[in-house]
Participant: 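For reference, the structure I am asking about is given below.
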Amino acid sequence: MNRYRMFIGALLAWTSLAACAGTLQDSAKAVSSVQPISPPREFADAAFRWRQEARELRRLADRHDAEIRVLSQSRALLDQKLVERRRVLVQQLRAAAEQAEQRAEEAQEQVPHGMVQ
């Protein structure tokens with residue numbers, strides 16, 4: 001039982017560090033920095049990249065949601081401050097995903113109708 005707790009604690013710590021190390025910062029930069037693009041193919045490529053970014057942000061949010069559920073179920077691992085920080089992070093990730101999806105839609109609107117992508 002004690003090994004199980006240590007394993008879960010180490011797993012949560014590792015995933016937190018790995019997930020937060022660069023992805024959120026890189027995502028925030030990507031969402032906030034829009035570069036002007038003109039040819040239709042570049043708009044299509046940009047829409048594809050924004051959608052990929054949105055999917056990755058949603059995956060991260062889902063992963064943190066799962067970790068929150070695990071933390072909430074285990075009294076030994078329950079840390080209210082950590083859970084609250086994770087909830088805020090999940091909200092931020094979902095907001096960033098929504099922004100990326102909006103950027104993808106804006107770029108997609110610039111692609112001529114019927115263009116093969």
Participant: What residues form a salt bridge (Lys or Arg N to Asp or Glu O under 4.0 Å) with Arg69, not counting sequence neighbours?
Facilitator: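 If we apply the salt bridge (Lys or Arg N to Asp or Glu O under 4.0 Å) test to Arg69, skipping adjacent residues, there are no hits.
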Participant: For Asp79, what residues pass the side-chain hydrogen bond (donor to acceptor under 3.5 Å, both in side chains) criterion, not counting sequence neighbours?
Facilitator: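 Asp79 satisfies side-chain hydrogen bond (donor to acceptor under 3.5 Å, both in side chains) with no other residue.
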Participant: Do the side chains of Arg63 and Glu67 get nearer than 4.5 Å, heavy atoms only?
Facilitator: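 Of all side-chain heavy-atom pairs linking Arg63 with Glu67, at least one is under 4.5 Å.
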Participant: Which atom names give the shortest non-hydrogen contact between Glu56 and Arg59, and what distance separates them?
Facilitator: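 Closest approach of Glu56 to Arg59: OE1-NH1, 2.9 Å.
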Participant: Going by heavy atoms in the side chains, are Gln92 and Val88 under 4.5 Å from each other?
Facilitator: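 Gln92 reaches Val88 side chain to side chain.
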Participant: side-chain contact (heavy atoms from CB on, under 4.5 Å) between Arg103 and Glu53: does it pass, once the steps are laid out?
Facilitator: CA-CA 10 Å; Arg103 303 274 185 196; Glu53 183 74 19; over 6 Å; no
Participant: Please list, chain by chain and in numerical order, all residues satisfying side chain to side chain contact (heavy atoms under 4.5 Å, CB included) with Arg87, sequence neighbours excluded.
Facilitator: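 Expected list: Ile68, Ser72, Val83, Glu84.
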Participant: Supply the atom-to-atom distance Gln99 CD to Trp50 CH2, rounded to the nearest 0.5 angstrom.
Facilitator: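 Reported to 0.5 Å precision, the distance equals 9.0 Å.
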Participant: Could I get the full list of side chain to side chain contact (heavy atoms under 4.5 Å, CB included) partners for Glu98, not counting sequence neighbours?
Facilitator: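 For Glu98 the side chain to side chain contact (heavy atoms under 4.5 Å, CB included) partners, ignoring immediate neighbours, are Arg58, Gln102.
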Participant: Of the non-hydrogen atoms in Ala54 and Ala97, which two are nearest, and what is the gap between them?
Facilitator: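 Nearest pair, atom of Ala54 first, then Ala97: CB-O, 3.5 Å.
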Participant: Considering residues at least two apart in sequence or located in another chain, which fulfil the side-chain hydrogen bond (donor to acceptor under 3.5 Å, both in side chains) criterion with Arg55?
Facilitator: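 Once residues adjacent in sequence are excluded, Arg55 has no partner under the side-chain hydrogen bond (donor to acceptor under 3.5 Å, both in side chains) criterion.
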Participant: Could you list the residues that satisfy side-chain hydrogen bond (donor to acceptor under 3.5 Å, both in side chains) with Arg94, not counting sequence neighbours?
Facilitator: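 Arg94 satisfies side-chain hydrogen bond (donor to acceptor under 3.5 Å, both in side chains) with Asp62, Asp65 once adjacent residues are dropped.
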